[in-house]
Amino acid sequence: MTPDVTTAAAGAASLVQSVDWVAVAPPLITAVVALIVLLADLFVPQERKPLLGWITVAGLIGALASLAPLRTGSRSTFCLTANPAACSYTVDQFAFVIQALVLGGALLTALLSVTATKETLPAGEFWFLLLSSAAGAALLPAARDLATLVVALEVASLPAFALVGLRRGDRLSSEAALKFFLSSVTATAVMLLGVSFVYAATGTLHLTEIATKLATVPGQLDTVAKAGVALTLVGFAFKTAAAPFHFWVPDTYVGAPLPVAAYLSVVGKAVGFSGLILVTVVAFPAYADVWGPALAVLAALTMTIGNAAALRQSATRAYSAVRLLAWSSVGQAGYLLVPIAAAAYSGNSQVGATVAYALMYAVVNLGAFAVAALVARSRPLNRISDYRGLYAERPLAALALAFFLLCLAGLPPGIIGLFAKVTVFSAAVDAGMGWLAVVMALNVVVALYYYLRWTAVLFRAPEATEQPAAAGPARPRVPAPLTAAIALTAFAGVVLSGVPQLALHFASVTLF
């Protein structure tokens, strides 16, 4: 072989990247199981469609198990040959925790959905869309370039639009899907414009390289870079339901099947916050003076609007329980934004408080939606007043819901909710944002009222007209998967309250 041919062969070989299959296993397994479900749906007879649900559950358990080798250290793949430190996919402590949260949330959503797909939802389409969205959601926290971030965000979002509108013939479901789709497409278009501005100013899409080049961006491109930073945040702010990008939340949650609403409230939010953390803390630290104050104002506005709207929910209004959870999730998004804003003033370590709070929120919010799905089986309008006397009818479910609501409120015995709020509050104080800490404290007090009001309803005596039904000899049987979802979330909540450091230690460790 001639020297020229040898050199060319060596150059070609250097362009070939090895793939770390262990690192990419969680989203890859989820995507492969999605394709298996899609193909199996063509051949499985209608009476055996529930099998698809259990394949989905098994696949998500397998994806969660594949995280085990990734719990320590950091692994990267799809790196630039010229700069091995610039990689498109990295599994560090941050990615590991968010992937566990996302896949665990998808698993609990699958348990909630097994019965729904038997009764009201098309099984094959539902499971394929859920797994596809979960694969994108698991990919996003490990993405380390803007192109992969955008693709992962859209892979997580596009199936979610269809999931919201999957109840055929339901006007509310179709309307919710349309609102969700139009608002999301607008936010994505703005974000893509921001990404293009950032690329124009830096000439790269890798987050670590963007961080380096933004620190030395030429003066004539400074305005372009600032505009790109601000516009890029819009898409992720929409996914987090931060005000003023929150208006899609209540109608979408009401129109969507309850398991899908639970999925959006936890997994959708995790996608938005993980993307927001990556672009701000990893890619844009040089422009902290732009995104720090903006996120602080968004945090104050989001928690205030969310809690004020939740406070106004009438107990007798149709779907008021779901609407309260929707507006509550907007308020909780405000709390989650606080440590990210604080990171602009006092360092990257503050974002760990957001991760710790998100773990608490994911467990208890999924549990609250699971109990709401149980009540909706006999009271489909799902009003807060429909929960009156739940303790007399289903004491364990009532106790579980009361525990979840107290965790969200930050009251004992929901110790994990209290500690998580203190951690977020401390992040604001440490960053010198005393005004934001005061706003958060006032909102926590406001939220106490509507959480406690709902909790009190659970233990009131049933209405006189409801007593004969409650005293009847037979109660509707609770499906085993729904019972398992409530039990798992309640158990996880109790464990976190008993050993809060399991979640809170992420607030004091280096995630990147």
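What you see is a predicted model, and the numbers here were worked out from it, not measured in a lab. Reckoned from all heavy atoms, side chains included, excluding hydrogens, waters and symmetry mates.
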Using the six-membered ring wherever Trp is involved, compare the ring planes of Phe238 and Phe180 and label them parallel, tilted or perpendicular (cut-offs 30° and 60°).
-> parallel

So OG of Ser274 and CG of Leu278: to nearest 0.5 Å the spacing works out to 6.0 Å

To the nearest 0.5 Å, atom CZ of Arg167 lies from atom CG of Leu172 at 7.5 Å

Mind checking whether Leu131 and Leu60 have side chains closer than 4.5 Å, heavy atoms only?
-> yes

Apply salt bridge (charged side-chain N to carboxylate O under 4.0 Å, His left out) to Arg171 and Glu175, showing your working.
-> CA-CA 6 Å; Arg171 182 186 63 82; Glu175 180 182 339; 3.1 Å; yes

Between Val375 and Leu390, is a side-chain contact (heavy atoms from CB on, under 4.5 Å) present by the stated rule, with each step listed?
-> CA-CA 9 Å; Val375 172; Leu390 183 62; 4.2 Å; yes

Within the distance-only criterion (no hydrogens, no angle test), does the side chain of Trp291 pair as donor or acceptor with the backbone N or O of Phe284 below 3.5 angstrom?
-> yes

Non-hydrogen side-chain atoms of Trp327 and Val330 separated by less than 4.5 Å | yes

Please report the shortest heavy-atom distance between Cys407 and Gly414, naming the atom on each side.
-> SG-CA, 3.4 Å

Take Leu298 and Leu295, measure what side-chain contact (heavy atoms from CB on, under 4.5 Å) needs, and give me the verdict at the end.
-> CA-CA 5 Å; Leu298 283 183; Leu295 290 183; 4.1 Å; yes

Are the side chain of Arg383 and the backbone of Pro380 linked by a donor-acceptor contact shorter than 3.5 Å?
-> no

Can you see which heavy atom on Lys213 is nearest to which on Thr202, and at what distance?
-> CD-O, 3.1 Å

Any side-chain heavy atom of Ile210 within less than 4.5 Å of one from Tyr199?
-> no

Separation between CZ (Phe236) and CD1 (Ile340), nearest 0.5 Å, reads 11.5 Å

Do the side chains of Lys421 and Tyr357 get nearer than 4.5 Å, heavy atoms only?
-> yes

How far does OG1 of Thr423 sit from CD1 of Ile416, to the nearest 0.5 angstrom?
-> 8.0 Å

Any side-chain donor paired with an acceptor under 3.5 Å for Asp430 and Tyr345?
-> no

Is there side-chain contact between Leu359 and Leu502, with at least one heavy-atom pair below 4.5 Å?
-> no

So, do Gln99 and Pro27 sit near enough that their side-chain heavy atoms are less than 4.5 Å apart?
-> yes

Has Phe181 got more than 12 heavy atoms of other residues, nucleotides or ligands less than 6.0 Å from its CZ?
-> no

Just do the side-chain contact (heavy atoms from CB on, under 4.5 Å) check on Leu193 and Ser196 with the steps written out, would you?
-> CA-CA 5 Å; Leu193 180 62; Ser196 67; 3.9 Å; yes

Compare every heavy atom of Ser173 with every heavy atom of Gly165, then report the nearest pair and how far apart it is.
-> CA-OG, 3.2 Å

Drop me the distance from Phe404's CZ to Leu399's CG, to the nearest 0.5 angstrom.
-> 10.5 Å

Any chance the side chains of Tyr287 and Asp222 put a donor and an acceptor closer than 3.5 Å?
-> yes

Between Ser508 and His505, is there a donor-acceptor pair closer than 3.5 Å when you use the side chain of the first and the backbone of the second?
-> yes

Side chain of Thr302, backbone of Ala299: donor and acceptor closer than 3.5 Å?
-> no

What closest approach, in Å, do Ala485 and Leu111 show between heavy atoms, and which atom pair accounts for it?
-> CB-CB, 4.2 Å

Verify side-chain contact (heavy atoms from CB on, under 4.5 Å) between Leu406 and Leu452, making sure each step is shown before the conclusion.
-> CA-CA 8 Å; Leu406 291 175; Leu452 290 177; 3.8 Å; yes

Spacing of CG belonging to Asn307 relative to CG belonging to Asn443, to within rounding of 0.5 Å | 4.5 Å

Going by atom types alone, do Ser113 and Tyr263 pair a side-chain donor with an acceptor below 3.5 Å?
-> no

Taking every non-hydrogen atom, the tightest pair across Leu264 and Ala160 = CD2-CB, 4.0 Å

Should Tyr387 and Asn382 count as side-chain neighbours, where that means a heavy-atom distance under 4.5 Å?
-> yes

Passing candidate, side chain to side chain contact (heavy atoms under 4.5 Å, CB included) with Leu149, options Val195, Leu205, Leu140, Thr232 = Leu140

Check: Leu112 and Leu482 side chains under 4.5 Å, non-hydrogen atoms = yes

Taking every heavy atom of Pro257 against every heavy atom of Val164, the minimum-distance pair comes out as CD-O, 3.7 Å

Using only heavy-atom distances, determine whether the side chains of Ser265 and Asn365 contain a donor-acceptor pair under 3.5 Å.
-> yes

Mark yes when over 12 heavy atoms from residues, nucleotides or ligands other than Tyr449 sit less than 6.0 Å from its OH; otherwise mark no.
-> no

Check whether any side-chain N or O of Ser88 sits under 3.5 Å from a backbone N or O of Asp145 as a donor-acceptor pair, and report yes or no.
-> no

